[in-house]
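Report on the structure given below.
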Amino acid sequence: MIKNLVIVESPAKAKTIEKFLGKDYKVLSSYGHIRDLKKKDFSIDISKNYKPLYEIPADKKKLVDELCKLSKEAETVWLASDEDREGEAIAWHLYEVLGLSPEKTKRIVFHEITKNAILHAIDNPRSIDNNLVNAQQARRILDRIVGFELSPILWRKVKPALSAGRVQSVAVRVIVEREREIQQFKADAAYRVIALFKVKDDKGNITEMKAELNQRLQTKEEALALLESCKKADFPIEEITQKPLKKSPAAPFTTSTLQQEAARKLNFSVSQTMMVAQKLYEAGHITYMRTDSMNLSEMAIATAKEEITQSMGEQYVKTRQYHTKSKGAQEAHEAIRPTYMNKAAIDGTAQEKKLYDLIRKRTIASQMSDAELEKTTVTIGIGENKYKFLAIGEVIKFDGFLRVYRESTDDETESSDSDARLLPPMSVGELLDFAEISATERFTQRPARYSEASLVRKLEELGIGRPSTYAPTISTIQQREYVEKGDRTGEERQFNTLKLKSNKISDTTGKEMVGNEKAKLFPTNIGIVVNDFLTEYFPDILNFNFTANVEKEFDNIAEGEIEWTTAIDSFYKAFHPVVERTSAIKTEHKVGERILGVDPKSGRQVSVKISRFGPVVQIGTADEEEKPVFASLKKSESMETISLEAALKHFELPRTLGEYEEKEVTVGAGRFGPYVKHNSVYVSLPKGGDPMTIKLEEAIVLIEEKRKKESEKQIKTFEQDPDIEVLNGRYGPYIAYKKKNYKIPKGKVPAELSYEECMSIINSK
DNA sequence: CAGTGAGCGAGCTTCCGCTTGACTT
């Protein structure tokens with residue numbers, strides 16, 4: 001018999017809270033939502049005023065039974081889910097499903113997991129806020145309507161198993177639009193002029209000081225003219241200004257900022273960050289990792305202060321409260337911070353240690369004083385010229401929070417200004433000599449493609465998605481093949497440098513690589529076609545402000561100003577007819593189909609489109625007597641821009657090279673790249689191998705190499721069981737047994753494995 | 001991860017948010 005049953009959302013939280021509350025309280029977790037719209041069906045009864053049809057998912061049944069049993073036994077049930085829209089709905093679903101009565105049910109909330117906060121909550125129970133619950137139901141139903149009405153249109157008009165939704169479709173749009181900006185981008189060149197002046201440092205030694213012209217010069221003529229004028233000009237120091245500069249620390253981590261910094265500083269993917277953070281949370285090292293709040297508890301602020309004072313001194317402390325600015329933030333939790341501020345290091349994997357360290361430093365820094373810097377600007381004249389050279393120096397007077405933590409940025413732009421340092425002593429009126437002056441052609445940078453983390457930042461800016469969905473959204477749009485994560489080698493670009501040295505001007509051409517990108521998100525052909533289709537027919541849903549607008553409606557519902565069904569009805573009445581009309585449009589062609597021209601060989605039409613299995617080139621049409629022929633598009637080829645010639649190239653393969661050992665040798669391009677086929681054996685072409693130009697002799701070499709490898713592949717077999725083989729694979733030796741492969745433990749020599757040893761390796765798996 | 005190299009069609013697919021395991025490799 002238990003007196004009090006407390007239900008929270010997370011089991012780790014339950015464990016902590018139970019310690020605070022003592023033996024009269026049993027604390028259990030609902031593991032998030034316990035009930036949802038049915039998974040398969042539409043599950044909204046439009047004719048009954050949008051009545052939702054809820055069900056308890058199969059994997060929650062056991063848990064709900066358990067909660068049911070204990071809630072019957074308890075005197076009081078405390079619904080302690082989070083204080084936000086979803087949390088309120090969880091409380092309400094629990095109330096309904098567990099069949100609770102108003103008398104024995106209390107709704108409590110707390111923002112931080114401290115004993116005081118929880119006892120305070122227990123002393124101040126309330127009842128379930130039905131308006132807030134209804135706002136959640138509206139959110140849920142709107143998302144279901146959008147997702148389940150749009151997706152089937154895509155199945156019919158583009159490709160089966162695709163999906164669309166309020167969040168994912170806008171995420172794809174962001175990426176497609178960035179790609180178009182990049183395509184349309186034209187780099188502007190301008191000359192950046194830098195002078196190296198000779199100055200004495202404080203010890204009297206000559207050093208070089210870098211100064212940049214206060215303006216970039218648009219043309220080579222201007223640059224040449226400037227350098228020419230520098231030949232006989234004086235370079236007087238006209239002005240020296242000193243300006244104090246303050247830098248403030250970044251706010252403590254939210255989910256989104258943690259994902260961004262872990263990507264920049266630790267190279268973690270968004271989902272990797274979340275997995276590691278989850279482990280830290282479960283081990284009790286950090287507070288909850290899915291949060292949009294920058295708030296720190298009083299206890300956290302106090303212990304941070306203590307920690308800073310002890311380790312660095314009082315002058316480093318500055319108590320700060322941060323407020324979340326992001327759209328639609330619900331702030332049900334604290335910021336992500338260490339549970340115990342004084343714990344400098346934790347036990348765990350290398351990744352866990354690194355992420356913990358990042359979180360701790362960021363939190364500590366957020367409670368530290370500003371860094372104080374002094375920025376010195378020296379203005380240097382060029383004879384009578386209107387242009388000036390500027391030398392900029394920066395000195396840190398007091399490091400403040402910089403002692404602990406410096407936030408990174410995504411900009412990989414020219415970083416030469418960021419290494420500004422202390423300038424040597426100088427005085428106004430002093431005339432300077434230069435060592436050299438160079439004018440280098442610099443180009444404006446095209447916009448960068450999104451990384452996972454910068455996409456999260458963009459979505460957060462737009463108020464789209466929630467801390468719990470950023471990582472899943474990114475994996476959804478990749479699973480649907482709308483977007484691909486990949487690298488792209490940049491292009492080589494030439495640039496011109498003019499240099500004035502020893503009274504002579506040289507003119508040289510340099511080379512640089514531009515636009516190198518790693519682990520960035522690229523839209524696929526399917527992503528582009530789906531996006532263009534949706535933005536054309538459903539501009540309202542794809543609008544970047546759609547979520548922000550419906551959030552306002554949800555707020556109105558939460559305030560009790562409007563019925564949730566009224567809000568949904570007005571949305572549905574506008575949306576559904578568009579769905580109907582769009583589905584009814586009889587298109588002769590598939591969405592995204594492009595006719596490229598006529599095949600000169602057969603006289604048949606050549607087109608590109610998205611087929612059941614992805615983008616293809618097609619020769620002929622379905623209505624002709626002779627069936628059309630197809631070839632898959634390569635990933636790097638764009639449906640929008642591919643030419644007729646490039647499309648026809650696909651049909652030149654497979655081609656026959658000749659005969660070897662009385663069997664035909666052919667070369668083709670398969671799913672996994674180009675290959676040579678001989679006697680029904682496939683050999684992949686080495687990297688860079690071109691199936692269009694490969695010669696028979698080269699192909700034979702490949703075939704022989706494969707045979708040799710094949711013969712060396714088998715290391716050992718056993719009489720006892722011919723199914724067991726010790727083989728040499730691409731990644732080293734392994735054991736193959738009945739279609740499955742097994743790793744050989746370290747320290748074993750593959751050729752010396754006994755039958756018994758192999759069996760035990762197999763059985764231990 | 002340990003080899004792959006079609007096919008144009010039956011039934012199925014799908015949303016967003018809240019939360020963790022339980023399964024492999």
Side-chain angles (χ1 to χ4, degrees), chain A residues 8-14 29-37 39-44 57 59-60 63 81-82 84-90 93 136 139-156 159-169 275 278 281-282 288 290 330 332 464-470 472-473 476 480 541 547 590 609 611-614 616 618 622 627-632 653-654 666-677 680-684 713 725 727-736 739-744 765:
Chain A
V8 296
E9 289 182 41
S10 146
K13 207 167 166 180
S29 152
S30 74
Y31 292 78
H33 277 292
I34 53 145
R35 199 165 69 156
D36 189 16
L37 293 175
K39 205 169 168 292
K40 294 263 169 191
D41 314 325
F42 190 61
S43 300
I44 302 161
D59 58 337
K60 284 289 170 75
L63 169 77
S81 45
D82 299 343
D84 58 13
R85 203 161 62 201
E86 297 298 326
E88 204 66 20
I90 289 173
H93 281 299
Q136 192 275 345
R139 197 282 303 156
R140 180 68 189 92
I141 276 146
L142 179 115
D143 282 336
R144 174 56 67 90
I145 292 173
V146 171
F148 276 41
E149 296 217 334
L150 287 186
S151 302
I153 302 182
L154 297 179
W155 305 342
R156 280 200 303 281
K159 195 178 112 118
L162 294 178
S163 65
R166 175 177 57 83
V167 173
Q168 57 168 287
S169 295
M275 269 151 50
Q278 175 86 31
Y281 169 66
E282 282 169 11
Y288 197 55
R290 288 185 278 263
Q330 311 215 358
I464 295 170
R466 303 277 316 131
S468 66
T469 60
Y470 295 136
T473 300
T476 300
R480 300 271 174 278
I541 308 292
T547 291
K590 276 223 146 156
K609 68 171 196 185
S611 75
R612 173 82 170 80
F613 299 102
V616 290
Q618 176 178 348
K627 278 194 168 180
V629 276
F630 298 89
S632 292
L653 291 175
T666 57
V667 54
R671 265 204 292 167
F672 309 98
Y675 63 89
V676 172
K677 190 182 174 192
S680 57
V681 175
Y682 292 89
V683 192
S684 285
K713 190 179 158 190
E725 289 178 298
L727 299 174
N728 215 346
R730 211 160 45 114
Y731 303 93
Y734 66 100
I735 300 169
K739 301 259 171 205
K740 284 191 176 171
N741 300 307
Y742 303 86
K743 213 168 138 180
I744 293 169
K765 279 281 172 172

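On a predicted model such as this, the values are computed, not experimentally measured, just so you know. Computed over heavy atoms, backbone and side chain alike; hydrogens, waters and symmetry mates excluded. Here is the naming used below: chain letters follow the sequence lines, and residue numbers restart at 1 for every chain.
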**OP:** May I have the distance from A:D41 (atom CG) to B:dC12 (atom P), rounded to whole angstrom?
**Re:** 12 Å

Subject >> All ring-ring contact (aromatic ring centres under 6.0 Å, His included) counterparts of A:F42, not counting sequence neighbours >> reply: none

Original post:
Over how many whole Å does the gap from A:R156 atom CZ to B:dG9 atom C1' extend?
Top reply: 17 Å

**OP:** Using a 4.0 Å heavy-atom cut-off across all strands, classify A:E149 as base, sugar-phosphate, or nothing.
**Re:** nothing

**OP:** Report which part of the nucleic acid A:T547 touches: base, sugar-phosphate, or nothing (heavy-atom distance under 4.0 Å, all strands).
**Re:** nothing

Subject >> For atom OH of A:Y682 and atom C1' of B:dG3, their distance in whole Å >> reply: 12 Å

Subject >> Short side-chain N/O contact to B:dC15 OP1/OP2 from A:S163, under 4.0 Å >> reply: yes

**OP:** Between B:dA6 and B:dA2, how far apart are the C1' atoms? Round to whole Å, please.
**Re:** 23 Å

Are any protein N/O atoms closer than 3.5 Å to N/O atoms in nucleotides 18-22 of chain B? If there are, list each pair with its distance.
residue: B:dC18; atom: OP2; partner: A:S468; partner atom: OG; Å: 2.7
residue: B:dC18; atom: O5'; partner: A:S468; partner atom: OG; Å: 3.4
residue: B:dC18; atom: O3'; partner: A:E9; partner atom: OE1; Å: 3.2
residue: B:dC18; atom: O2; partner: A:H33; partner atom: N; Å: 2.6
residue: B:dT19; atom: OP1; partner: A:Y288; partner atom: OH; Å: 2.5
residue: B:dT19; atom: OP2; partner: A:Y288; partner atom: OH; Å: 2.9
residue: B:dT19; atom: OP2; partner: A:R290; partner atom: NE; Å: 3.0
residue: B:dT19; atom: O5'; partner: A:Y288; partner atom: OH; Å: 3.0
residue: B:dT19; atom: O4'; partner: A:G32; partner atom: N; Å: 3.3
residue: B:dT20; atom: OP1; partner: A:S10; partner atom: OG; Å: 2.6
residue: B:dT20; atom: OP2; partner: A:Q278; partner atom: NE2; Å: 3.4
residue: B:dT20; atom: OP2; partner: A:R290; partner atom: NH2; Å: 2.7

**OP:** Report which part of the nucleic acid A:A164 touches: base, sugar-phosphate, or nothing (heavy-atom distance under 4.0 Å, all strands).
**Re:** sugar-phosphate

Original post:
Taking the C1' atom of each, how far is B:dT25 from B:dG3, in whole Å?
Top reply: 15 Å

**OP:** For A:R480, answer base if it contacts any base atom (sugar-phosphate contacts may also be present), sugar-phosphate if it contacts only those atoms, and nothing otherwise; contact means non-hydrogen atoms under 4.0 Å.
**Re:** sugar-phosphate

**OP:** Examine B:dT14: is either OP1 or OP2 under 4.0 Å from a nitrogen or oxygen in the side chain of A:R166? Give yes or no.
**Re:** no

**OP:** Determine whether any donor atom in the side chain of A:R144 lies under 3.5 Å from an acceptor atom in the base of B:dC15, or the reverse, and answer yes or no.
**Re:** yes

**OP:** Let me know the distance between CD1 of A:I541 and C1' of B:dC16, rounded to the nearest Å.
**Re:** 14 Å

**OP:** Could you pull out all residues at least two apart from A:K609 that satisfy salt bridge (charged side-chain N to carboxylate O under 4.0 Å, His left out)?
**Re:** none

Original post:
Can you tell me how far C1' of B:dC12 sits from NZ of A:K159, to the nearest Å?
Top reply: 13 Å

**OP:** Just call it for A:V167: base, sugar-phosphate, or nothing, with non-hydrogen atoms closer than 4.0 Å on any strand.
**Re:** sugar-phosphate

Original post:
Rounded to whole angstroms, how far apart are CG on A:L142 and P on B:dG17?
Top reply: 11 Å

Original post:
Hey, is A:F613 stacking on B:dC8? Ring centres under 5.5 Å, planes under 30°.
Top reply: no

Original post:
Mind checking the P distance from B:dT24 to B:dC1? Whole angstroms is fine.
Top reply: 15 Å

Original post:
Is the ring of A:F148 stacked on the base of B:dT14, with centres less than 5.5 Å apart and planes under 30° off?
Top reply: yes

Subject >> Residues A:I90, A:S30; criterion side-chain contact (heavy atoms from CB on, under 4.5 Å); working and verdict >> reply: CA-CA 8 Å; A:I90 289 173; A:S30 74; 3.9 Å; yes

**OP:** For residues A:R140 and A:H33, determine if any side-chain heavy atom of one lies less than 4.5 Å from a side-chain heavy atom of the other.
**Re:** no

Original post:
Do A:S611 side-chain and B:dG9 base share a donor-acceptor contact under 3.5 Å?
Top reply: no

**OP:** Could you tell me whether the side chains of A:S468 and A:R290 share a donor-acceptor contact shorter than 3.5 Å?
**Re:** no

Subject >> For A:D143, all residues meeting salt bridge (charged side-chain N to carboxylate O under 4.0 Å, His left out), sequence neighbours excluded >> reply: A:R139, A:R166

**OP:** Could you state the atom-to-atom distance from CG of A:D59 to P of B:dC23 in whole Å?
**Re:** 13 Å

**OP:** Check the distance between B:dT14's P and A:I153's CD1 and give it to me in whole angstrom.
**Re:** 16 Å

Original post:
With nearest nucleotides of DNA chain B determined for A:K39 and A:R612 from heavy-atom distances, which residue corresponds to the more 5′ nucleotide?
Top reply: A:R612

Original post:
Between B:dG5, B:dT14, B:dG17, which nucleotide gets closest to the side-chain atoms of A:D36?
Top reply: B:dG17

Subject >> Closest heavy-atom pair and its distance - A:L154, A:S163 >> reply: CD1-O, 3.6 Å

Original post:
What does A:K627 touch in the nucleic acid at a heavy-atom separation under 4.0 angstrom: a base, only the sugar-phosphate, or nothing?
Top reply: nothing

Original post:
Excluding sequence neighbours, so at least two apart, what forms ring-ring contact (aromatic ring centres under 6.0 Å, His included) with A:Y470?
Top reply: none

Original post:
With sequence neighbours left out, what residues match A:Y281 under ring-ring contact (aromatic ring centres under 6.0 Å, His included)?
Top reply: A:Y288

